[in-house]
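Single-structure report; data block below.
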Amino acid sequence: MTALTVALVLVVASAVILRWRRPAWYWLAFGAAFAALRVLVRYTSVMDACGLTVPPSRWRLTLARITNRPVPESRAPRILRIRPTRTGLVLRLKLRPGQDAFDVSAATDRLRHSFSMYGVTSRELRSGVVEVRMTGYDVLKRVQMPAKTDTAPMRVPVALREDGAVHYRDYRTVPHGLTLGATESGKSVYQRNLVAGLAPMNVALVGIDCKQGVELFPLARRFSALADNPDTALDLLEALVTHMEGVYQLIRAEQRITVNVPDAEIAADIWDLPDHLRPVPVVVLVDEVAELALFASKDEEKRRDRIITALVRLAQLGRAAGIYLEICGQRFGSELGKGITMLRAQLTGRTAHRVNDESSANMAFGDISPDAVLAAIQIPTETPGIAVTGDSSGGWARIRAPHTSLREAVNLCNKHAGRTPDLPALAPFRPSVAALPSDRVSLSKTAPATA
């Protein structure tokens with residue numbers, strides 16, 4: 001009996017320590033089993049309390065009267081599958097006739113309290129089938145990306161979502177994006193994760209950093225072109241427009257639209273071209289876009305108009321040519337002048353870290369979801385890295401990127417410096433960097449001998 005008591009005390013102590021220090025380990029060891037049992041035991045009563053049941057059908061009532069049996073109870077959605085994950089539980093539910101996926105979505109907060117989970121989200125998989133994802137702990141407090149992620153061309157895992165899923169920046173699905181965030185909000189860390197994810201891929205990186213290059217120039221060995229002031233940025237953007245026109249000429253020449261070629265093989269963008277003809281895709285990262293839109297003289301105003309025009313042209317036409325925009329800034333509003341709202345309309349992917357004013361959040365999500373605007377302005381100061389992401393479909397979620405130091409990003413860019421492509425149109429803007437040392441220099445506390 002004493003040995004059993006000691007073992008029980010050790011197990012309880014281990015569970016308490018794991019829940020305090022390593023919530024992910026606690027969840028995998030204890031929490032998932034307890035939560036699954038709690039959901040299965042409480043399921044029918046919780047669904048009834050949350051209004052997610054339907055009354056018995058007429059034929060069941062008729063059968064009960066004929067057989068003189070009690071009136072059947074209301075029925076809850078049927079559980080098709082319950083699956084534990086490293087962050088929570090995933091329930092797949094089959095809705096009853098008369099129920100809607102919105103009913104489950106509206107009840108997620110009540111389900112969270114009833115099942116004693118940290119968070120609950122839902123989405124419709126197909127007609128009549130809803131997936132409910134439950135998280136057992138705060139996955140955004142200490143972000144740990146999974147060891148394996150879904151890899152695909154131009155698809156970068158950059159953050160973790162509040163439901164425990166990985167948030168991907170997929171340029172082929174969402175070609176252009178806008179990232180907002182005040183000072184010390186985590187925007188730079190998000191950008192570093194983006195560059196670190198793109199570095200091993202066959203892609204050309206182009207950077208515009210008007211803060212004298214302090215954010216992007218340390219990563220210069222992986223960049224095909226960089227600009228650190230508005231004048232150079234204008235020349236670089238116009239060179240990108242020229243490069244885009246050249247890519248379109250290549251696509252036109254290789255469209256294969258003769259009657260002997262099936263329609264499925266007709267090329268309309270670079271991804272339809274053969275591998276040996278496909279131009280390298282280009283990702284353009286613009287840091288502090290407001291610096292490109294501000295002006296103090298007539299000459300600067302003309303330069304500003306040409307810059308915004310080039311950005312709008314790239315946003316409107318660049319997708320098929322394999323040119324993708326990633327616009328970042330602390331502030332993005334209509335006061336930046338004409339063309340800004342037109343540019344925003346082309347930036348499908350929206351990510352907002354903590355912002356200083358509601359109008360910036362409205363510029364990011366006002367045309368997507370009012371709930372996303374409210375969530376963006378409620379991000380607390382003491383949680384840098386928390387962001388709200390959404391797209392034109394109206395869906396949104398909270399995310400947080402893992403902390404990546406500038407040194408880690410630089411080391412990764414240096415490691416993949418050999419993948420940096422040379423684009424003739426951007427050759428004048430290729431950053432000049434010293435060659436990496438071939439051998440490591442040994443460090444010693446002993447002073448070198450002098451002659």
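Ion pairing of Glu162 with Arg133 is absent here, as no side-chain N (NZ or NE/NH1/NH2) approaches a carboxylate O to less than 4.0 Å. Using a 4.0 Å cut-off between charged side-chain N and carboxylate O, Arg313 and Glu245 make a salt bridge. Between Asp305 and Lys302, no side-chain nitrogen of the basic residue sits less than 4.0 Å from a carboxylate oxygen of the acidic one, so the salt-bridge criterion is not met.
Taking 4.5 Å as the limit, some side-chain heavy atom of Val156 sits within range of a side-chain heavy atom of Met201. The side-chain heavy atoms of Val139 and Tyr118, taken from C-beta on, include no pair separated by under 4.5 Å. Between His403 and Val143, the closest side-chain pair of non-hydrogen atoms is not below 4.5 Å. Side-chain contact check for Phe332 versus Leu178: some heavy-atom pair is nearer than 4.5 Å. Residues Asn411 and Glu408 have side chains not in contact (no heavy-atom distance under 4.5 Å, counting atoms from C-beta outward). Side chains of Asn414 and His416 form no contact here, defined as non-hydrogen atoms less than 4.5 Å apart. Using a 4.5 Å heavy-atom threshold, the side chains of Val283 and Pro281 count as separate. Proximity of Val203 to Arg419: side-chain heavy atoms (C-beta onward) are nowhere separated by under 4.5 Å.
Between Phe365 atom CZ and Thr351 atom OG1 the span is 6.5 Å, to the nearest 0.5 Å. Taking CG of Leu240 as the reference point, atom CG of Asp235 lies at 11.5 Å (rounded to 0.5 Å). The distance from the CZ atom of Arg400 to the CD1 atom of Ile386 is 4.5 Å, given to the nearest 0.5 Å. Put simply, CE on Met117 and OG1 on Thr108 are 13.0 Å apart, with the number rounded to the nearest 0.5 Å. Distance CD1/Ile327 to CG/Leu347: 6.0 Å, rounded to 0.5 Å. In this structure, the separation between CD1 on Ile307 and CD on Glu300 is 10.0 Å, given to the nearest 0.5 Å.
Around atom CZ of Phe217, more than 12 heavy atoms belonging to other residues, nucleotides or ligands sit under 6.0 Å away.
Residues passing the salt bridge (charged side-chain N to carboxylate O under 4.0 Å, His left out) test with Glu238, sequence neighbours excluded: Arg306. Here Phe223 pairs with nothing under the ring-ring contact (aromatic ring centres under 6.0 Å, His included) rule; sequence neighbours left out. Applying the side-chain contact (heavy atoms from CB on, under 4.5 Å) rule to Arg331 yields the partners Glu335, Asp357, Ser359, Ser360; only residues at least two apart in sequence or on another chain are considered.
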Practice item. Please test Lys141 against Thr383 for side-chain contact (heavy atoms from CB on, under 4.5 Å), starting from the C-alpha separation and ending with a verdict. Key: CA-CA 8 Å; Lys141 183 178 181 180; Thr383 56; over 6 Å; no

Point to revise | Working for salt bridge (Lys or Arg N to Asp or Glu O under 4.0 Å), residues Lys187 and Glu288 | key: CA-CA 11 Å; Lys187 174 170 57 68; Glu288 297 303 342; 3.6 Å; yes

Exercise for review: Starting from the C-alpha separation in whole Å, work towards a yes-or-no answer on side-chain contact (heavy atoms from CB on, under 4.5 Å) for Asp103 and Asp100.
Suggested key: CA-CA 5 Å; Asp103 298 334; Asp100 185 75; 3.8 Å; yes

Point to revise | side-chain contact (heavy atoms from CB on, under 4.5 Å) evaluation trace for His353 with Thr179 | key: CA-CA 8 Å; His353 296 74; Thr179 303; 3.9 Å; yes

**Study point:** Trace of the side-chain contact (heavy atoms from CB on, under 4.5 Å) decision for His243 with Ile323
**Key:** CA-CA 10 Å; His243 171 73; Ile323 299 177; 4.1 Å; yes

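Contact detail for Ala352 and Ile379: the closest heavy-atom pair is O-CD1, 3.9 Å. Across Pro77 and Leu93, no two heavy atoms sit closer than the pair CB-CB, 4.2 Å. Listed here is the closest heavy atom pair of Leu89 and Ala32: CD2-O, 4.2 Å. Heavy-atom minimum distance, Val54 versus Pro97: CG1-O, 3.9 Å. Listed here is the closest heavy atom pair of Arg192 and Leu406: NH1-N, 3.5 Å. When all heavy atoms are compared, the tightest approach of Leu314 to Met244 is CD2-SD, 4.1 Å.
The backbone N or O of Glu215 sits less than 3.5 Å from a side-chain atom of Asp209, completing a donor-acceptor pair. Between the side chain of Thr232 and the main chain of Asp228, no donor-acceptor pair closer than 3.5 Å is present. Between the His167 side chain and the Arg161 main chain, no donor and acceptor come within less than 3.5 Å of each other. With Arg222 contributing its side chain and Ala199 its backbone, the two residues share a donor-acceptor pair below 3.5 Å. Here the side chain of Arg278 pairs a donor or acceptor atom with the backbone of Leu273 at under 3.5 angstrom. Between the Arg398 side chain and the Ala375 main chain, no donor and acceptor come within less than 3.5 Å of each other. At distances below 3.5 Å, not a single donor-acceptor pair connects side-chain atoms of Arg319 with backbone N or O atoms of Tyr171. A distance-only check finds a donor-acceptor pair linking the side chain of Arg169 to the backbone of Val174 [under 3.5 Å]. Side-chain N or O atoms of Asp269 include one that pairs as donor or acceptor with a backbone N or O of Asp272 at under 3.5 Å. Arg350 places a side-chain N or O within 3.5 Å of a backbone atom of Arg344 that can act as its donor or acceptor partner.
Partner of Gln191 under the side-chain contact (heavy atoms from CB on, under 4.5 Å) criterion, out of Leu219, Val158, Asp287, Thr404: Asp287 alone.
At least one cation-pi condition fails for Arg252 and Tyr248: the charged atom is not both under 6.0 angstrom from the six-membered ring centre and inside a 45 degree cone around its axis.
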